[in-house]
Amino acid sequence: MKTYLRILSYARPFRSFLPFFVITTVLGIVFEILNLSFVAPVLKILFSQEVTETVVSSPFPEFAFSKEYISSVGEWFKNYLVSFSDKTEALKMICLVLIASVFLANLFTFLSRFILAFVKAKMIKNIRLAMYDKITELHLGYYSNEKRGDLMSRMTNDVKEVETSIIDTLNAIIKEPITVIFTFIVLYYLSPQLLLFSLLVLPLSGLVIWRITRMLRKKAKQGQDYLGRILNTIDETLGGIKIIYSFNAKAYFSKRFTHENVKYERALRSMDYKKGLASPVSQVMGVGVFCMVLYYGGTLVLKENYMPPENFLVFVLLFANVISPLKSMFSVVANIQRGLIAGERIFSVLDAEVKVKDAENAITIESFNDSISLENVSFSYGDKKVLDNISLTIKKGKTVALVGASGGGKSTIINLIPRFYDVNEGTIKIDGNNVKDISLHSLREQIGIVTQDSILFNDTIYNNIVFGNETATEEQVIAAAKIANAHDFVVASEYGYQTFVGDNGMKLSGGQKQRLCIARAVLKNPPIMLLDEATSALDTESEKLVQEALNQLMQNRTSIVVAHRLSTIQNADEIVVINNGKIIEQGTHKELMENPSNAAYRKLIAIQKIDE
Ligand SMILES: Nc1ncnc2c1ncn2[C@@H]1O[C@H](COP(=O)(O)OP(=O)(O)OP(=O)(O)O)[C@@H](O)[C@H]1O
Ligand SMILES: [Mg+2]
């Protein structure tokens with residue numbers, strides 16, 4: 001129920017539409033019932049023998065809000081029609097009224113659907129937007145545990161499911177009960193006894209349908225889970241298509257996909273079988289109940305002259321007409337269950353705790369003036385301790401190089417400074433302010449990052465450099481590209497700065513991608529630069545270009561560089577050797593080389609030298 005109300009709460013901004021919706025719905029129903037009731041006068045005209053002249057002059061009943069008024073209007077209309085000496089005239093009359101009534105019924109039904117469709121589209125849009133905002137706000141740790149495909153499935157399929165299972169059924173929830181109530185009122189007026197009988201036999205069919213829909217619900221949940229896994233595999237396949245080709249892993253992935261696909265197929269099939277079963281079963285049950293009423297009522301009319309035959313026919317018609325809303329009231333309950341499961345999957349994303357967020361009285365920093373310091377910092381991903389008691393100070397304007405064996409924790413240090421993750425112990429300070437007290441926005445405003453793997457988006461080169469920096473002018477973009485040694489290859493490409501780079505920069509070389517990422521950082525022009533040098537080897541020419549770009553980037557800035565290239569290492573003001581999450585050696589290149597106890601650094605340099 002809570003989930004249900006929460007989904008509906010997305011309609012709150014549009015609550016002013018509710019009265020219109022209810023009014024149009026009710027009017028639609030009233031005219032629909034009226035349409036069916038026209039059978040009675042038609043029959044009366046066709047079968048009545050005598051013309052009752054006397055009633056011609058009977059006055060139109062005076063308005064009152066009562067049952068009597070409605071029935072007297074009905075009587076008046078019937079008598080009015082019967083009073084025609086030419087019965088075809090009466091028929092003509094009734095046809096005209098019927099057309100008008102049908103027109104009105106459909107007009108109001110259309111209007112109510114229109115309102116609902118409008119509100120629905122807005123609601124769904126807002127839910128999707130809320131999810132998108134959430135996923136761009138969550139801390140990185142969240143994505144280590146959740147699968148991307150599953151998240152995508154939640155954002156698309158589950159939202160769709162909520163749309164069809166909950167919002168679409170809003171119509172049924174509001175309309176069908178009103179239809180049922182109104183129809184029952186008319187039925188009661190026609191014959192209380194027959195209505196009572198009908199109500200006694202109705203639950204028979206309801207029970208059977210109820211059971212089938214319960215089975216459906218279980219299958220639906222399974223189906224949803226399997227679809228999430230399928231999307232995961234597709235996501236991974238597309239992301240790693242090159243590797244899949246080169247390692248001839250097509251068969252492996254294909255097997256994995258087939259496995260999940262078959263599971264999904266089974267769930268869908270089983271669901272559809274049951275769905276398929278539901279319809280004939282409910283039809284047979286419905287007709288069964290209908291026939292019982294027909295038989296019982298028919299005998300009443302035939303034997304006891306219990307009510308006029310034309311009224312009995314209206315009763316039967318209305319009753320047949322009420323079975324479908326009743327059925328959909330039940331199936332709505334089942335549908336809603338499915339929607340609720342989807343809703344819960346959505347809300348579990350929306351409710352995920354944002355672990356890295358602004359402190360309550362977060363301060364805003366405008367500039368970087370003095371130093372970055374890590375004080376006894378420890379960090380673990382889950383249970384795995386990755387950094388152990390790291391202390392390090394980087395003065396403004398200096399370049400610090402982090403070196404060391406792979407997996408030592410260098411990239412992790414880089415991740416902690418802009419608070420992609422929060423430290424477990426110790427503090428990181430910028431100008432003496434704990435980063436946890438600084439607003440995320442202003443903190444990240446001071447920091448530029450070039451990541452280990454060049455991240456580009458499927459957009460133009462220009463937009464990849466500008467990337468959200470709305471104030472950048474074209475001159476600035478070109479200047480940044482020049483500093484990053486990217487300008488030449490950009491103008492040489494087919495559409496210059498408007499060339500699309502493909503998914504994740506697929507159309508560019510490794511070195512070109514790196515230089516675009518550097519240009520992006522240059523354009524942002526932050527005082528602090530975090531560089532995670534790519535480990536992937538580039539050819540000497542490209543290497544030189546990238547190296548130059550990096551040197552330009554670091555000029556006049558405070559930089560922390562995870563360095564793999566000898567030249568970067570040698571140029572640094574301070575070198576920090578990290579191994580297994582600990583600082584094992586520290587100093588300038590000269591100091592480290594001269595002191596014989598710094599075996600790790602020397603070994604590292606020796607290896608680098610061989611590479612050069
Ligand atoms: N998101 C993550 N979840 C769990 N463990 C992680 C995660 N990212 C990194 N690790 C682990 O943390 C350790 C340190 O990783 P890190 O990326 O900091 O190493 P690195 O020094 O940058 O290595 P390299 O030189 O190869 O880039 C590694 O053992 C790695 O397995
Ligand atoms: Mg790394």
Side-chain angles (χ1 to χ4, degrees), residues 135-136 138-151 232 235-236 239-240 243 352-356 372 374 376-392 394 399-426 428 435 447-455 510 513-514 517-518 521 529-538 543 546 550 554 559-569 572 574-586 600-601 603-608 611:
I135 61 163
T136 51
L138 279 164
H139 55 284
L140 278 182
Y142 182 80
Y143 297 104
S144 312
N145 300 323
E146 297 287 329
K147 292 179 176 163
R148 286 204 305 189
D150 188 51
L151 273 175
N232 243 332
D235 180 48
E236 282 187 324
I243 303 298
E353 189 194 351
V354 182
K355 291 218 178 100
V356 177
I372 304 167
L374 284 78
N376 311 99
V377 167
S378 296
F379 178 77
S380 20
Y381 293 109
D383 298 333
K384 190 175 157 198
K385 195 152 194 174
V386 177
L387 294 180
D388 188 8
N389 204 17
I390 299 264
S391 292
L392 182 65
I394 302 116
T399 297
V400 170
L402 306 178
V403 298
S406 178
K410 303 178 298 290
S411 299
T412 306
I413 292 180
I414 295 269
N415 283 336
L416 293 179
I417 295 170
R419 285 186 73 197
F420 291 155
Y421 300 89
D422 271 336
V423 296
N424 299 125
E425 286 164 46
I428 296 179
V435 286
I447 298 173
I449 293 188
V450 178
T451 49
Q452 199 163 8
D453 39 353
S454 309
I455 297 170
K513 283 200 271 190
Q514 286 182 20
C517 290
I518 293 170
M529 193 58 77
L530 305 178
L531 280 175
D532 206 340
E533 254 185 2
T535 30
S536 60
L538 299 169
E543 171 80 38
V546 171
L550 286 178
M554 288 187 283
S559 315
I560 302 177
V561 195
V562 175
H564 298 289
R565 299 183 178 93
L566 190 61
S567 51
T568 322
I569 301 173
E574 188 175 11
I575 296 154
V576 179
V577 185
I578 295 181
N579 193 26
N580 258 333
K582 287 198 171 78
I583 297 180
I584 51 169
E585 290 162 21
Q586 198 169 356
Y601 183 70
K603 204 165 128 199
L604 213 98
I605 295 301
I607 298 169
Q608 286 283 347
D611 279 357

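Both counts, for ligands and for their atoms, begin at 1 and track the order of listing.
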>> Please list, in number order, the atoms of ligand 1 under 4.0 Å from a heavy atom of S411.
In response: 17 (O), 18 (O), 20 (P), 22 (O), 27 (O)

> Does CG in N580 sit with more than 12 non-hydrogen atoms of other residues, nucleotides or ligands closer than 6.0 Å?
Replying inline: no

>> So, 2.8 Å as the limit: is an N/O/S atom of S406 located closer than that to the Mg ion (ligand 2)?
In response: no

> Between D532, N579, V386, T412, which one has a non-hydrogen atom sitting closest to atom 16 (P) of ligand 1?
Replying inline: T412

> Should one rank G409, G581, G404, A405 by closest heavy-atom distance to atom 19 (O) of ligand 1, which comes out on top?
Replying inline: G409

> Could you go step by step and tell me if I135 and Y143 meet the side chain to side chain contact (heavy atoms under 4.5 Å, CB included) rule?
Replying inline: CA-CA 9 Å; I135 61 163; Y143 297 104; 3.1 Å; yes

>> Please determine whether Q452 has a backbone or side-chain N, O or S atom lying under 2.8 Å from the Mg ion (ligand 2).
In response: yes

>> Suppose I only count heavy atoms of G408 and a 4.0 Å limit; which atoms of ligand 1 are within that range?
In response: 19 (O), 21 (O)

>> Please check whether H564 reaches ligand 1 - meaning an N/O of the residue sits under 3.5 Å from an N/O of the ligand, judged on distance alone.
In response: no

> Between the side chain of E585 and the main-chain N/O of A600, is any donor-acceptor distance below 3.5 Å?
Replying inline: yes

> Which atoms of ligand 1 are found less than 4.0 Å from any heavy atom of K384?
Replying inline: 11 (C), 28 (C), 29 (O), 30 (C), 31 (O)

> Should L402 and I560 be marked as a side chain to side chain contact (heavy atoms under 4.5 Å, CB included) after you check the CA-CA gap, both sets of side-chain angles, and the distance that decides it?
Replying inline: CA-CA 7 Å; L402 306 178; I560 302 177; 3.9 Å; yes

> Counting from 1, what ligand 1 atoms have a heavy atom of Y421 closer than 4.0 Å?
Replying inline: 1 (N)

>> Are L140 and Y421 packed together at the side-chain level, in the sense that at least one heavy-atom pair is separated by less than 4.5 angstrom?
In response: yes

> Quick one: which ligand 1 atoms are inside 4.0 Å of a heavy atom on G407?
Replying inline: 13 (C), 14 (C), 19 (O), 20 (P), 21 (O), 23 (O), 24 (P), 26 (O), 28 (C), 29 (O)

> Y143 near ligand 1, heavy-atom distance under 4.0 Å?
Replying inline: no

>> I'd like to check H564 versus Q452 (side-chain heavy atoms, cut-off strictly below 4.5 Å). Are they in contact?
In response: yes

> Side chains of V435 and I417: closer than 4.5 Å at any heavy-atom pair?
Replying inline: no

Can you list, pair by pair, the side-chain donor-acceptor contacts under 3.5 Å of residues 382-392, counting residues two or more places apart and other chains?
unit_1, atom_1, unit_2, atom_2, d
D388, OD2, K582, NZ, 3.0
N389, OD1, N376, ND2, 3.0
S391, OG, N376, N, 2.9

> Given that the side chain starts at C-beta and the backbone is N, CA, C, O, which of these parts of F379 lies under 4.0 Å from ligand 1, counting heavy atoms, or is it both or neither?
Replying inline: neither

